[in-house]
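One structure below.
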Amino acid sequence: MTQSLSEYSNALPSDTLMITAENVEKWYDNDFHVLRGVSLQVTLGEVVVIMGPSGSGKSTFIRTFNALEPYQKGNIIIDGIKLSHDLKNIETIRREVGMVFQQFNLFPHLSVLNNVTLAPIWVRHWKKEKAEAIAMQLLEKVGILEQAHKYPAQLSGGQQQRVAIARALAMQPKIMLFDEPTSALDPEMIKEVLDTMKSLAESGMTMVCVTHEVGFAREVADRVVFMDGGKIIEIAHPDQFFNNPKEERSQRFLSQIL
Ligand code: ADP
Ligand code: MG
């Protein structure tokens with residue numbers, strides 16, 4: 001029996017929720033209230049850009065999605081898996097959610113190829129040959145196949161960041177988090193990393209990116225989330241957010257970066 005179209009579309013929203021954060025509250029050291037009731041839903045294939053002043057809680061918020069930060073109140077559900085406050089499901093979540101940081105955090109003593117194969121071999125228990133074959137495909141995808149046998153220190157910042165992206169993708173994550181991935185790069189290298197992220201977005205990856213790259217946000221983001229003081233102040237389509245932000249705090253922030 002064929003399913004009617006309306007039934008199918010009714011089923012879509014909850015079926016495709018990849019990240020649900022409900023009223024998330026977090027304190028650092030029991031007294032600094034860093035996340036003050038933050039709620040966000042991200043659906044399959046969506047690209048969400050998070051912007052906001054330094055110290056507004058952007059990094060802390062996205063780090064709760066892959067259990068790098070515990071939280072004290074609220075709920076976080078990643079692809080149907082509830083991430084308990086005590087981080088009980090940490091292993092499963094880490095496999096589902098890849099992350100790329102401002103500082104590339106590559107292992108300096110390992111070749112590019114071994115940086116990419118390390119986690120699949122140790123965590124996914126893939127055979128070396130399989131891990132290497134997939135790593136080479138990913139290195140080709142991010143445009144640095146010819147660097148596979150070099151060490152991180154021999155690469156430019158932009159190349160190192162693309163290795164970091166390939167390394168995260170090697171675990172076959174369902175969600176990718178980016179925390180200011182181009183902030184530590186020289187200007188001429190920013191584009192190559194943003195282009196890699198753009199093609200990943202076009203491939204259908206669900207992505208949450210903290211970035212102040214307005215061009216990327218305008219072109220690639222489905223929604224822009226603006227945070228300030230540990231709260232989400234505004235969520236809007238990029239056209240709306242950049243041309244006609246609703247909130248006064250968003251306007252003030254944009255007047256400083258545009
Ligand atoms: P953003 O990424 O928006 O710049 P962060 O999430 O890094 O903001 O930080 C939000 C606030 O939490 C800042 O005031 C920061 O100093 C503080 N903070 C971040 N990490 C810690 C930590 N490990 N311990 C205590 N305070 C922290
Ligand atoms: Mg940050």
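Everything numeric here is computed off the predicted structure, so don't read it as measured data. Order of listing sets the numbers, starting from 1, for every ligand and every atom in it.
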task: Could you tell me whether the side chain of Tyr151 and the main chain of Phe107 form a donor-acceptor pair under 3.5 Å?
output: no
field: Criterion ring-ring contact (aromatic ring centres under 6.0 Å, His included) on Phe242 and His237, from CA distance to verdict
entry: CA-CA 9 Å; Phe242 293 112; His237 185 274; 9.8 Å; no
Protein contact of [atom] - nearest heavy atom, named by residue and atom, plus distance:
{"atom": "atom 3 (O) of ligand 1", "answer": "Lys58 NZ, 2.7 Å"}
{"atom": "atom 8 (O) of ligand 1", "answer": "Gly57 N, 3.2 Å"}
{"atom": "atom 7 (O) of ligand 1", "answer": "Ser59 CB, 3.7 Å"}

task: May I ask whether Gly230 has any heavy atom positioned less than 4.0 angstrom from an atom of ligand 1?
output: no
query: In ligand 1, which numbered atoms sit nearer than 4.0 Å to a non-hydrogen atom of Thr60?
result: 5 (P), 6 (O), 9 (O)
query: Which atoms of ligand 1 sit under 4.0 Å from any heavy atom of Pro53?
result: 3 (O)
field: Nitrogen or oxygen of Val34 less than 3.5 angstrom from that of ligand 1
entry: no
- prompt: Are Val24 and Lys73 close enough that some pair of their side-chain heavy atoms sits under 4.5 Å apart?
  reply: no
query: Is a salt bridge present between Glu25 and Arg36, judged by a nitrogen-to-oxygen distance below 4.0 Å?
result: no
- request: Look at the aromatic rings of Phe65 and Phe61 and report parallel, tilted or perpendicular, splitting at 30° and 60°.
  value: perpendicular
- request: Return the orientation label for the His33 and Trp27 ring planes: parallel under 30°, perpendicular over 60°, tilted otherwise.
  value: parallel
task: Could you confirm whether Ser59 has any N/O/S atom lying under 2.8 Å from the Mg ion (ligand 2)?
output: yes
query: Out of Val225, Ile235, Ile62, which one pairs with Val48 under the side-chain contact (heavy atoms from CB on, under 4.5 Å) rule?
result: Val225
query: Is the NZ or CZ atom of Lys26 positioned over Tyr28's six-membered ring, under 6.0 angstrom from the centre and within 45° of the axis?
result: yes
- prompt: Taking the minimum heavy-atom distance to atom 4 (O) of ligand 1, which of Gly55, Gly52, Gly229 ranks first?
  reply: Gly55
message: Counting only heavy atoms, tell me which of Phe32, Trp27, Tyr28 gets closest to atom 24 (N) of ligand 1.
response: Tyr28
- request: Can you confirm whether something in the protein, heavy atoms only, sits under 4.0 Å from atom 17 (C) of ligand 1?
  value: yes
